[in-house]
Each structure stands twice: as structure tokens, then as C-alpha cells.
Protein chains: 2
Amino acid sequence: MPSGERRTTLADVAAEAGVSVALASIVMRGAPGAGAATRQRVLDVAGRLGYRPDSRARLLRSGRSHLLGVVFDVRHPFHVDLLTGLYAAADTAGYQLTLSAVTPRRDDRTALAGLLQDRCEALVLFGPRTPVAELAGISARLPVVTLMRGVRHRGLDVVRTDDRRGSQLAVDHLVALGHRRIAHVDGGRSHGSAERRQGYRDAMRRHGLEASARVVPGGSGEDDGARAARLLLDEPPTAVTVFNDLCATGLLDVVRRHGLRVPDDLSVVGYDDTAFSRLAHIDLTTVAQDIDTMAAQAITRAVARIEGTPVAHREVLLPPRLVVRGTTATAGSSPGRRAGPPDPPRR
Amino acid sequence: MPSGERRTTLADVAAEAGVSVALASIVMRGAPGAGAATRQRVLDVAGRLGYRPDSRARLLRSGRSHLLGVVFDVRHPFHVDLLTGLYAAADTAGYQLTLSAVTPRRDDRTALAGLLQDRCEALVLFGPRTPVAELAGISARLPVVTLMRGVRHRGLDVVRTDDRRGSQLAVDHLVALGHRRIAHVDGGRSHGSAERRQGYRDAMRRHGLEASARVVPGGSGEDDGARAARLLLDEPPTAVTVFNDLCATGLLDVVRRHGLRVPDDLSVVGYDDTAFSRLAHIDLTTVAQDIDTMAAQAITRAVARIEGTPVAHREVLLPPRLVVRGTTATAGSSPGRRAGPPDPPRR
DNA sequence: TTGAAAGCGCTAACAC
DNA sequence: GTGTTAGCGCTTTCAA
């Protein structure tokens with residue numbers, strides 16, 4: 001019956017070990033100032049009693065919480081992937097993470113409010129939809145680091161991938177394969193959409209291909225990709241860069257049903273290196289964001305702000321990386337599957 | 001500069017409003033026992049000062065935390081999907097969730113330890129790999145609800161899908177389509193593997209098909225599916241049920257490359273209804289678990305244990321549901337894509 | 001309806 | 001080395 005006895009407190013341990021609470025506290029924290037024998041005895045008793053320090057009481061007293069609040073969206077696989085690196089980085093920096101999720105039924109504001117009550121020392125927000133004014137208001141009380149969203153405000157730190165550069169990498173890759181008629185499927189109102197489109201435009205211009213540039217309305221979903229494919233089909237290009245991977249799979253499906261072979265007739269580049277892109281079945285060439293560095297930078301920033309370390313720039317722009325898989329090939333290439341190795345190692 | 005002033009406390013609000021802290025506390029909690037005018041005044045001051053109650057201090061004093069600890073694994077999309085329903089259910093029950101993630105670099109034990117310090121009133125564990133003995137030990141101190149793992153222990157609550165029944169649904173579906181030579185790709189050491197295999201065996205026997213039953217070693221990854229496909233290829237059945245969706249995609253990829261058409265030459269049923277299975281490109285017939293009910297049941301259980309409400313059974317077994325998509329068709333069917341509606345209504 | 005006082009479990013000064 | 005004292009921000013008796 002769990003509700004029966006009170007749980008073991010530091011006082012219980014101290015009493016059992018025959019020392020004062022303060023001394024027991026010193027031992028439990030691993031702080032200097034306790035005899036070796038005593039230390040061992042207290043530790044033994046604590047273990048035997050199944051003692052677990054109460055982090056709340058501990059933090060309440062010590063003022064600091066060493067807690068970093070994280071808001072992520074369960075719908076975005078990329079967010080979830082980021083958590084791995086974030087935990088590792090926080091651990092290294094000596095901080096704990098407290099997670100609050102955004103779900104289809106739980107918005108940004110709710111997720112944020114929960115963290116604010118938990119007395120986090122800083123907030124790490126994954127692609128927040130919260131208005132900048134609101135974020136700014138919060139950042140007046142505690143440091144806020146924004147990931148994957150280019151908010152421009154002097155109180156907010158931003159860590160994001162250079163999406164413009166990412167699109168350029170995609171176009172450069174296709175041009176190197178001999179493509180000239182390269183289209184771009186837009187992301188609509190999604191974050192990063194404008195940057196990715198601009199990167200495409202820049203690259204086309206740089207290659208002297210502005211004349212054959214073509215931007216088709218798309219979006220972030222599979223449906224959007226399918227719709228874009230139909231628009232493209234009247235006068236198909238030889239290659240296309242797509243806003244993101246999910247949209248790209250929608251496009252792939254439609255063009256294949258219309259008899260186009262990928263990559264023989266059409267090369268396709270996605271964006272984000274979403275988990276499913278790696279499936280042998282999809283095997284999508286895509287632009288990857290450097291997840292681990294993003295995570296590390298976010299934590300570094302947050303900690304620097306908390307501890308008052310000077311930080312040069314408010315915004316960290318990370319270089320993207322092209323992951324070449326099976327949906328891109330040389331322009332006008334003959335049928336046949338590429339012979340290369342499946343995937344470069346990750347992580 | 002966020003580090004400047006101390007944050008507003010209840011004492012500040014009380015002082016500013018000219019009342020005692022105790023009274024201010026009553027107002028902030030919405031507890032009865034304060035005059036309407038006073039109530040309004042305190043609320044106004046709190047709003048003006050941007051006061052946020054400190055949950056830690058509050059919980060420390062009141063003893064109860066109304067906090068439910070959740071351990072999930074970032075690698076499992078299914079876990080992430082569950083969070084949505086879990087937040088909703090917890091909210092309804094008047095509890096907060098505190099999340100702790102398992103990652104490739106952060107194990108079950110670490111995730112659990114973090115929550116234990118946070119003084120959760122109960123734990124909800126998603127497919128925990130922790131040894132039963134350890135879980136049992138924890139459950140002596142606070143209620144533990146396990147999801148998606150059939151631990152048998154009198155102190156642990158279990159909420160899971162009837163995987164045996166799930167495999168049977170898959171086989172029944174295939175038999176109804178006229179298949180008789182149906183194989184099963186095993187999940188190896190993964191959780192649920194034995195149940196799913198047993199369900200397959202039961203169903204084959206029930207249909208008088210034991211003679212043509214065939215279990216091929218597989219696993220939970222795409223590679224495992226590919227390997228299984230090669231084993232199957234020497235004497236291919238007309239249909240196959242696969243341990244999970246990821247394994248199924250690996251199998252699909254290989255059999256297609258060997259010239260087999262799906263579903264014309266081979267029907268394939270996956271398991272889990274993982275997000276990518278819905279992609280038009282993959283369009284996998286699969287067995288779905290009832291995510292929302294699982295979430296609701298988990299919370300209901302946890303809360304019942306906390307509040308001492310009697311609960312009939314330790315284990316809740318939820319019925320699975322078959323989702324028919326494009327990888328299954330009648331045995332020996334001629335080429336052509338199925339014409340039916342995309343997804344049938346539940347059950 | 002309101003306030004004073006005690007104390008949740010712990011840490012941080014300081015004394016011994 | 002070790003114990004004493006005070007108090008983090010809040011809720012909770014209990015008395016006024």
C-alpha cells in the first residue's frame with residue numbers, strides 16, 4: 001500500500017545514522033566537510049532506507065533550480081530527435097531538463113505556462129508559434145533561447161540552421177548532376193519557407209538559371225506535395241527541390257503513378273532528413289540539419305545567459321548538410337538503380 | 001537583465017494589497033473564505049505584479065503534488081503519439097504531467113530517477129525495459145502503471161493492447177481475402193513478439209491452416225525485414241503478417257526489388273500503424289493500437305491508485321483494430337490498385 | 001472574513 | 001568535522 005508510510009526524509013537518515021541533518025545534507029550532496037567514516041555510514045543508511053532527496057525542497061532552499069525548461073511539439077519528429085542531444089548537453093553543463101509538450105490539443109501558451117511555474121532558470125523553445133511580443137515579455141524575466149525560428153529581438157537568443165544555404169546545397173547538387181530545369185515546391189506559411197525559397201532563387205541565379213526557375217505552391221504536408229506534383233506534371237522539370245521531406249513523399253507518390261521514374265526522369269531533393277526518409281523504400285536525398293550541434297548550442301546559450309557569461313551574437317546560424325540518397329541522379333540518366341552504399345553513418 | 005530583481009512572491013502581492021500572506025494564498029488558490037472585494041483587489045495586484053505561484057514551494061507545503069511522472073522513449077513514434085492523449089486525460093483528472101525521456105544516450109534508470117526526485121504521485125511508464133523486480137520495488141512507494149508491456153506482478157498496473165488478438169485480426173483478414181499460404185515474420189526479442197507470434201499460430205490453427213504456417217525470424221528494424229524477405233523468397237507465400245511496420249517496410253522493399261508485386265503477388269500486413277505507414281507511398285495495411293483509450297486508461301488507473309479508489313483488475317487489455325490499406329488484396333488477384341475506400345470505420 | 005504562527009524538506013551561514 | 005540556527009515560498013491549522 002503506497003499511501004501508507006511517509007517517505008524517507010533527510011531527517012530520517014540523519015537520525016538513523018546518528019548525525020545532524022546538516023551533516024547528512026553535506027554527505028548527500030557530496031560537499032566537502034565530512035569525515036570519511038561518517039560519510040560512509042550516512043551513505044549506507046540512505047541506501048538502506050531507500051532515501052531520495054526531494055528536489056523541490058532542495059531547489060526551494062538553494063534558490064537556484066538548475067532547471068532548463070524545454071517546449072517541443074510531439075507532431076514534429078525533428079523536435080523529438082533533438083531531445084537526445086539536448087539531454088546530453090544539459091547533463092554536461094550540470095543542468096536538468098524539464099519537458100513540456102505541445103500537442104494537437106495543447107498549445108504553446110499552455111506548455112509555456114507550465115514551465116514558468118516550475119521555476120526554470122531558462123527556456124529552450126522549439127520553433128515556437130508564440131508571438132514575438134510575448135516571448136520578449138518572458139525574456140525580461142528569464143533567458144529564452146529559440147530554436148528553428150528566426151525571431152529578431154534583442155532579448156532573445158536564436159539557434160537555427162541556415163535554410164537559405166540548405167536550398168542552395170540542394171540546387172548545387174542538382175546542377176552538378178547536369179540538371180538545368182529545376183523547380184521548387186514552396187512551403188507556404190510554414191516556418192523556414194521563405195528562406196528555403198530564397199535560397200533556391202539565389203542558387204538558380206548564381207548558376208545563370210533564373211530563366212528556368214519555377215516556384216510551385218506547396219506546403220508542409222503530404223497532400224501539399226501531391227497537389228504540387230499535379231501542377232508540375234503539365235510541363236515537368238528534370239529535378240525539383242521540395243520544402244520538406246513529407247511534402248516530397250507526397251510528390252514522389254503522384255509523379256510515379258503518372259509513370260515518371262525517379263530518379264531517372266525526375267530527381268527529387270527533400271529537406272529535414274526526417275526519420276522515414278532513410279527507409280530503403282523512400283530513400284530520399286535531403287538536406288539535414290545538424291541536430292547535435294543545435295542542441296549543444298542551445299544549452300550553451302541558455303547557460304551562458306543564466307550565468308552572465310558574455311555572448312557575442314544573439315543568433316547562431318548552423319550550416320546544413322546534404323544527404324545524397326536514391327532520389328537524385330544525373331540528368332537524362334538511363335534506368336537502373338544507383339550502385340552506391342545505402343547510407344552514410346549518422347551520429 | 002533577467003538576473004536583476006527577485007521574482008515576485010506571494011508576500012509581495014500580500015503586502016501590496018494590504019492583506020496577510022495567508023489571505024492572499026486563499027485568493028490565489030480560489031479557496032473559499034475571502035471577501036469579494038478583497039479577492040478582486042488581490043487578484044488585480046497579482047496580475048499587475050506578474051505574480052506566478054511557485055509550484056515547488058506550494059507542493060512542498062501541501063504534501064501533494066498532483067504530478068504524474070511519465071517515461072517515454074524518443075525513438076518510438078508511438079510513444080510520442082501517446083503523449084497527446086495523456087496530457088488531455090491528465091488535465092481532465094486535475095493532474096499535471098512531468099515528462100522524462102529515454103534516449104539513445106539516456107537509459108530507463110536515469111529517466112526514472114529524475115522523476116522520483118520530483119515527487120510524482122504516480123508513474124506512467126511506456127514499454128519500460130527496467131527489470132520487473134526494480135519496478136516492483138518502486139511500486140512499493142508509489143503507484144506504477146506500465147503501458148505496452150505485460151509485466152505480471154501484483155503491485156503493478158498494466159495497460160496494453162491484446163497483441164495476440166491483433167495478429168489474429170491480420171490473419172483473419174488475409175484468409176477472408178482467400179489466402180492460405182500465410183507466413184509470419186517474427187519480432188525476435190522485442191516486447192510483444194511472442195504474443196503476436198502466438199496470435200498468428202492460433203489463427204492459422206483455427207482456420208485449419210497449421211500445415212502451411214511458417215514463422216521466419218525477423219526483428220523490429222528495417223534490416224530485419226529485409227533479411228526475412230530473403231528467407232521468404234525461396235518459396236514465397238501469398239501473404240505475410242509482420243511483427244511491426246518498420247520491419248514490414250524493409251520486407252516490402254526487398255520483395256519488390258525481386259520482382260514481386262504487392263499486393264498482387266504478395267499481401268503484407270504490418271503492426272502498430274506507425275505514422276509513416278499512412279504515407280501514400282507506403283500505404284501499409286496494419287494493426288492499430290487504440291492510443292487515446294490507452295492514454296485515458298493509464299491516467300484513470302494512476303489516479304485511482306493515488307486516491308485509493310478500488311480497481312478491479314491489475315491489467316487492462318485493449319482491443320486492437322485492423323487498418324486496411326493498399327498492401328493487401330485477394331489471393332491471386334490481377335494487377336490493379338484496390339478501388340475501395342481508404343480506411344474502414346473503427347472495428 | 002482575516003491574521004499569526006508553524007512547518008513542508010532541505011541548504012547555507014555560522015558557531016563549536 | 002560536526003551541530004545549531006535560520007529561512008526558501010508557500011499552505012495550513014487555529015485563533016481573533
Side-chain angles (χ1 to χ4, degrees), chain A residues 3 5-43 45-46 49-67 94 96 116-121 141-142, chain B residues 5-43 45-46 49-67 96 116-121 141-142:
Chain A
S3 49
E5 334 89 45
R6 218 175 29 53
R7 51 181 308 148
T8 334
T9 80
L10 190 53
D12 299 332
V13 175
E16 181 76 11
V19 297
S20 72
V21 208
L23 192 47
S25 168
I26 287 175
V27 173
M28 292 316 296
R29 277 177 290 146
T38 318
R39 191 173 290 273
Q40 193 53 54
R41 186 156 34 91
V42 172
L43 251 25
V45 171
L49 264 44
Y51 169 71
R52 305 249 178 201
D54 183 329
S55 61
R56 283 155 212 285
R58 170 178 285 185
L59 305 179
L60 177 58
R61 171 64 235 211
S62 59
R64 300 208 38 191
S65 73
H66 279 268
L67 217 55
Q96 305 254 102
L116 255 14
Q117 294 204 164
D118 285 344
R119 292 296 185 268
C120 304
E121 298 191 46
R141 307 207 144 269
L142 81 175
Chain B
E5 333 90 43
R6 217 177 28 57
R7 51 182 308 149
T8 24
T9 80
L10 189 54
D12 299 332
V13 175
E16 181 76 11
V19 296
S20 72
V21 223
L23 191 48
S25 169
I26 288 175
V27 173
M28 292 315 296
R29 276 176 290 145
T38 318
R39 193 173 289 275
Q40 192 53 54
R41 186 155 36 91
V42 172
L43 251 23
V45 172
L49 263 45
Y51 169 72
R52 306 244 179 203
D54 184 328
S55 61
R56 281 151 215 287
R58 169 177 285 185
L59 305 178
L60 176 58
R61 174 62 236 213
S62 62
R64 300 209 39 191
S65 71
H66 278 266
L67 218 54
Q96 306 253 102
L116 256 13
Q117 295 203 163
D118 285 344
R119 291 297 183 266
C120 304
E121 298 191 46
R141 310 209 140 267
L142 82 174

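Hydrogens, waters and symmetry mates play no part in the numbers below; they use all other heavy atoms, side chains included. Chain naming here is simple, since letters A, B, ... match the order of the sequence lines and numbering starts at 1 in each.
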Tell me, yes or no, whether the heavy-atom count around Q96(A) atom CD, taken from other residues, nucleotides or ligands under 6.0 Å, exceeds 12. no
In whole angstroms, how far is the C1' atom of dC10(D) from the CG atom of D54(A)? 14 Å
Side-chain donor/acceptor pairs under 3.5 Å, residues 14-22 of chain B, sequence neighbours excluded:
{"from": "S20(B)", "atom 1": "OG", "to": "L23(B)", "atom 2": "N", "distance (Å)": "3.2"}

Checking dC10(C), dG3(D), dG3(C) against the side chain of S20(A) (C-beta onward), the nearest is dG3(D)
Using the test side-chain contact (heavy atoms from CB on, under 4.5 Å), find all partners of R29(A) that sit at least two apart in sequence or belong to another chain. S25(A), I26(A), A31(A), R58(A)
Can you tell me the distance, in whole Å, between the CZ atom of R119(A) and the C1' atom of dC10(C)? 17 Å
Using a heavy-atom cut-off of 4.0 Å across all strands, would you classify G33(B) as base, sugar-phosphate, or nothing? base
For the helix from dT1(C)-dA16(D) to dC16(C)-dG1(D), figure out the bend between the end axes, five pairs an end, and round to 10 degrees. 30°
Sequence neighbours excluded, the answer for side-chain hydrogen bond (donor to acceptor under 3.5 Å, both in side chains) partners of R41(B) is none
May I have the distance from R56(B) (atom CZ) to dC10(D) (atom C1'), rounded to whole angstrom? 14 Å
Could you pull out all residues at least two apart from R119(B) that satisfy salt bridge (charged side-chain N to carboxylate O under 4.0 Å, His left out)? D54(A)
Between dT2(C), dG9(D), dC10(C), which nucleotide has the shortest distance from any of its atoms to the side chain of T38(B)? dT2(C)
Under the rule for side-chain hydrogen bond (donor to acceptor under 3.5 Å, both in side chains), what residues qualify as partners of S65(B), not counting sequence neighbours? none
Among all residues two or more places apart in sequence or in another chain, which pass the side-chain hydrogen bond (donor to acceptor under 3.5 Å, both in side chains) test with T38(B)? none
For every nucleotide of nucleotides 11-16 of chain D, 5' to 3': is a protein heavy atom under 4.0 Å from its base (B), only from its sugar-phosphate (S), or from neither (-)? BB----
Those residues at least two apart in sequence (or on a different chain) that pass side-chain hydrogen bond (donor to acceptor under 3.5 Å, both in side chains) with E121(A) are R64(A)
Interatomic distance, R64(A) CZ vs dG9(D) C1' [rounded to whole Å]: 18 Å
